[in-house]
Amino acid sequence: MQRDLVERARQGDHDAFAELAGAAISRLDSAAWLILRDSEQAKDAVQNALVRAWRDLPTLRDPDRFDAWLHRLVVRACIDEARRLRRHRVDVELTEIHAPADAGVESTIADRDQIERGFLRLEPEQRAVIVLHHYLDLPMPMVAATLGIPLGTAKSRLHYALARMRTALDADAQIRPDLAEGRPS
Amino acid sequence: MTTDDRFARNLSAWLVEDGAHRVPDHLAEVLVQSAATHQRRWWSSPERWLPVDTTFRPRLFSPPPIARLVLIAVVVIALAGLLLFTVGSRQPRLPAPFGPARNGIMLSSADGDIFAIDPATAKRTAILSGSLFEFGPLFSRDGTRFSFLREGPKDCGRSDCGLILVIANADGSDVHEVTPALSALDGVDWSPDGTQVAILAAAPSGTGHVIDIVQADGSGMRTIDIGRPVHEPSWLPPDGREIIFRGEEMVAGDPPPGIFAVRPDGTGLRQISTRPAVDANDYQGVAVSPDGQYVTYQDTNFDANPPNGLFQVHVLSLRTGEDRILPQPKGAAAMAGVFSPDGSKIAYLRIGSDGLLQMVVAPVDGTGLGIAIGPQARFGSEGPTINNYLWSPDGTAVIANYDVEKVARLLPIDGSPATVLVHGELALPAYQRLAP
């Protein structure tokens, strides 16, 4: 069914494209929000990606790759948006990345606020690989194909993203007692 | 259940929960925008299709100043009518390391190793192999050394450990790294005197590339950041006094694309392209002639085939600003020209009205449609399947990669049959230029 719609859209059938976009936009919007954490930016990214998808659909040679291709367009649009945003914002930087620490993590992983804070400290490229794998449930070879990077790079990007989140969670766990005592972190 | 499993499960749960509250309300807006947007033709947007190695295609050689050549030819003809039939094949001498030269060995890479290939026998010999992943060899213009890219250390602590530019002697000796690991390293081009290499690396802004000038002896590097993304850098022959590049329009707000020149010290930025860009894809495929008098690029002629247009190859005179379009058969498009060693011809990829691809060699002065050489090919899932072409140093043939068959073919420009030089998953071969 989807293949037929993609074929028709490639031939210039805008109604077919509308159907494809309607089926995908909720998923894409959620993914973009998770990567960007900014509603307007996410909306812009999805909008740019879908308009570009329509424009470039005739260049998509394999209709069965439509979903992966669309994910790729959205992720790239998100990263472009994030880079534009980065020019006007000072990011929180962690100066060092340590290996995952076992101690103290188990007590914090249940705290979703902390997960969010850890997630926010990731680069958009790192958030993208996490969203593709842990939210859209794509296997790593598909994540690599979607991002246009080698499988090894995708795996190492995921590894370091998770390691960085855990480091942030540990740092949070250490900072919070300080805050409770009224000391600056 | 391990801590890792629990962490991943909680992370997935949080992602699902956090993403679930999105209610997209902009589908109608998207559809209004898309309905007002023309779809591209299926073969358009070449830059996305051409592999990175395309930027490695040598741009080492050049044509003579046409007016001077004609004047000399007239004098010669007047003095000796005997030369009437030979003046067309006369090749003006260009200062070393430009102009036609003897063919040396070829270098290529496969599976992270660098190979030397004897063009006569196609015999392959590994000259750099081992645990390091190395690829993208490119000879210096005098053929005595070559550069290549090496994968950065995997334990760098970042998601992208980048690539390192490495230089070695032509026989594989004296291998030394000349840059640290750099993100998005691309577009390597040797200076005419071989003391420096221009490369592209990730811009500090995070969008696109800047040009880095790297000392070939490894003594340092400096960045030329002109404040906008750049691509396709080439040293301007014969003395490398400037670097020619494409200014890119990558995101909304960037200035439109164009061709520019800047001195290697970062001063003297000037625009070379003479007309406003027609779209963000304009001015792609920039290459410089071996005498530094011409630049070739491609754009899209929207009038020829509305609304999607046809690619066409231009030759722009740096002296006069004259911008010439190479003629094509009706309905055909042309992409990514490369000048011959003597600068009189240009090799490019033609897309026929039937959609088939074929290499073409045509006169730079636009006086003919040129001759098609080598077999035809179809488009693949990623775009053109003929990629990464270069001239042999003696100017008698073009070497092109045929991706579907995984071969590199030698295509004689006299129309004689093509021969397969290299089989397998090899990247663009680099061809050594030996002194004439």
Side-chain angles (χ1 to χ4, degrees), chain A residues 10 12 14 17-18 21-22 25-26 28-31 33-34 39 42-43 46-47 50-51 53-59 61-62 65 80 82-84 86-87 96-97 100 102 105-106 109-110 112 115-116 119 123 125-126 129-131 134-135 137 149 152-153 156-158 160-162 165-166, chain B residues 2-4 6-45 48-49 133 151 154-161 203 205-208 250-253 308 379-383:
Chain A
R10 282 172 61 199
H14 193 259
F17 176 74
I25 194 167
S26 179
L28 300 178
D29 216 53
S30 296
W33 154 255
L34 288 168
S39 293
K43 182 177 164 183
V46 172
Q47 204 155 315
L50 283 172
V51 173
W54 163 251
R55 190 191 65 177
D56 291 350
L57 247 176
T59 70
R61 304 297 294 163
D62 182 356
R65 292 173 60 192
D80 284 346
R83 284 173 175 165
R84 283 205 295 169
R86 197 183 290 162
R87 293 176 184 172
E96 211 171 335
I97 298 173
D102 288 331
V105 170
E106 198 159 345
I109 54 178
R112 291 185 177 173
I115 288 183
E116 180 172 10
F119 192 72
E123 299 294 332
E125 291 86 347
Q126 293 174 316
V129 74
I130 286 180
V131 167
H134 286 283
Y135 177 69
D137 288 329
I149 57 178
T153 305
S156 82
R157 192 175 289 183
L158 179 65
Y160 284 110
L162 295 176
M165 277 191 74
R166 286 163 176 258
Chain B
T2 66
T3 304
D4 281 347
R6 293 188 59 180
F7 180 76
R9 196 183 63 178
N10 278 277
L11 176 60
S12 296
W14 173 75
L15 289 168
V16 170
E17 185 180 295
D18 200 56
H21 304 300
R22 305 289 302 163
V23 182
D25 56 358
H26 52 110
L27 178 60
E29 206 174 330
V30 169
L31 295 177
V32 168
Q33 273 193 41
S34 57
T37 303
H38 291 302
Q39 285 191 306
R40 287 184 170 177
R41 281 190 65 164
W42 58 279
W43 45 261
S44 64
S45 192
R48 272 186 310 150
W49 298 336
F133 193 92
E151 194 175 40
K154 291 187 169 61
D155 57 353
C156 67
R158 298 188 306 274
S159 56
D160 174 12
C161 292
S205 65
T207 301
M250 295 194 67
V251 296
N308 298 308
F379 272 79
S381 59
E382 299 296 326

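Given the structure is predicted, the values throughout are model-derived calculations rather than measurements. Each chain gets a letter, A, B and so on, in the order its sequence line appears, and its residues count up from 1.
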S.K.: Check each atom of A:I130 against the heavy atoms of chain B and say whether the ones under 4.5 Å are side chain, backbone, both or neither.
M.R.: both

S.K.: Run the side chain to side chain donor-acceptor pair (under 3.5 Å) test against B:E29 and tell me which residues pass, sequence neighbours left out.
M.R.: A:Q47

S.K.: Show your working on side chain to side chain contact (heavy atoms under 4.5 Å, CB included) between A:F119 and B:L15 and close with a plain yes or no.
M.R.: CA-CA 10 Å; A:F119 192 72; B:L15 289 168; 4.1 Å; yes

S.K.: Would you call A:L50 and B:Q33 a side-chain contact if the rule is heavy atoms closer than 4.5 Å?
M.R.: no

S.K.: Run the ring-ring contact (aromatic ring centres under 6.0 Å, His included) test against B:F133 and tell me which residues pass, sequence neighbours left out.
M.R.: B:F135

S.K.: Could you pull out the closest heavy-atom pair between B:S34 and A:F17, with the gap in Å?
M.R.: OG-CE2, 3.8 Å

S.K.: Taking side chain as everything from C-beta outward and backbone as N, CA, C, O, which of these in A:I25 sits under 4.5 Å from a heavy atom of chain B? Side chain, backbone, both or neither.
M.R.: both

S.K.: Identify the heavy atoms of A:A21 and B:L27 that sit nearest to each other, and give their distance.
M.R.: CB-CD1, 3.9 Å

S.K.: If you take all heavy atoms of A:H14 and B:L31, which pair is closest and at what distance?
M.R.: CE1-O, 3.4 Å

S.K.: On a heavy-atom basis, which atom in A:L162 and which in B:L11 lie closest, and how many Å separate them?
M.R.: CD2-CD2, 3.6 Å

